[in-house]
Asker: 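Below is a structure I'd like to ask you about.
None of the values given here were measured: they were computed from a predicted structure.
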Amino acid sequence: MMSLKTFFVLAILMASAITLISATPSQQEEEEEEEAAAATSLRGTSRFLAQTSQKSVRVVKTCDKYPSVCLAKGSAGPHCCQKKCVNLTADRLNCGRCGKKCSYSKICCQGKCVSPMSNEMHCGSCGNKCKKGSSCVYGMCSYA
């Protein structure tokens, strides 16, 4: 019976020793972790941003340096305002020129801010003209 108890005690001691040895990181692993932490501080950065910062950064071509970007197919417009391609004839935030904003109820038609609710040349939408003698009310020609 004594030998059986001794065997179990030795087995438990060996198992605990193995788990302690495998649980503690080696000195080399600790040094590698310290070097990685010192090389890039990611404090306050999300995991997604941290992953992209370690990869090669893609260069974005903006229209202030490359004006031909705005002429490409799928571009928002042919003009450049504050590093963004815009259409000065239809953009409410850049109507006719960069930075000219149309008020809340107005839209940008042909580079001018107009009210589609009452403008007879742009009734309801840009370029929708009312017939001669009719008026534009609530964005509809000859309402009522």
Asker: Starting from Leu4 and following side-chain heavy-atom contacts under 4.5 Å between hydrophobic residues (I, L, V, M, F, W, Y), which residues can be reached?
Answerer: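 So far as hydrophobic clustering goes, Leu4 is joined with Phe8.
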Asker: Report the distance from atom SG of Cys80 to atom CG of Asn94, rounding to the nearest 0.5 Å.
Answerer: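 That separation rounds to 10.0 Å.
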Asker: Report yes if some heavy atom in the side chain of Pro116 is under 4.5 Å from a heavy atom in the side chain of His122; otherwise report no.
Answerer: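 No - every pair of side-chain heavy atoms lies 4.5 Å or more apart.
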Asker: With clusters built from Ile, Leu, Val, Met, Phe, Trp and Tyr whose side-chain heavy atoms come within less than 4.5 Å, directly or transitively, what are the remaining members of the cluster of Met121, listed by chain and number?
Answerer: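 For Met121, no cluster forms, as it stays isolated from other hydrophobic side chains.
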Asker: Show me the donor-acceptor pairs within less than 3.5 Å that the side chains of residues 101-112 make with the rest of the protein, sequence neighbours left out.
Answerer:
none

Asker: Do the side chains of Cys63 and Lys84 get nearer than 4.5 Å, heavy atoms only?
Answerer: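 Contact flag for Lys84/Cys63 side chains = no.
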Asker: Just how far is it from atom CG of Asp64 to atom SG of Cys81, taken to the nearest 0.5 Å?
Answerer: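 So the gap between those two atoms works out to 11.5 Å.
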Asker: Quick check for you: to the nearest 0.5 Å, what is the distance between Asn119 atom CG and Ser135 atom OG?
Answerer: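 It is 12.0 Å, given to the nearest 0.5 Å.
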Asker: When rounded to the nearest 0.5 angstrom, what is the spacing between SG in Cys98 and CG in Leu93?
Answerer: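 Answer rounded to 0.5 Å: 11.5 Å.
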Asker: For Lys100, is the NZ atom crowded, meaning more than 12 foreign heavy atoms sit under 6.0 Å from it?
Answerer: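 Correct, the count exceeds 12.
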Asker: What are the two closest non-hydrogen atoms of Ser75 and Cys70, and how far apart are they?
Answerer: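 Closest pair (atom of Ser75, atom of Cys70, distance): OG-O, 3.0 Å.
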Asker: Could you please spell out the steps behind the disulfide (SG to SG under 2.5 Å) verdict for Cys141 and Cys123?
Answerer: CA-CA 7 Å; Cys141 295; Cys123 188; 3.8 Å; no
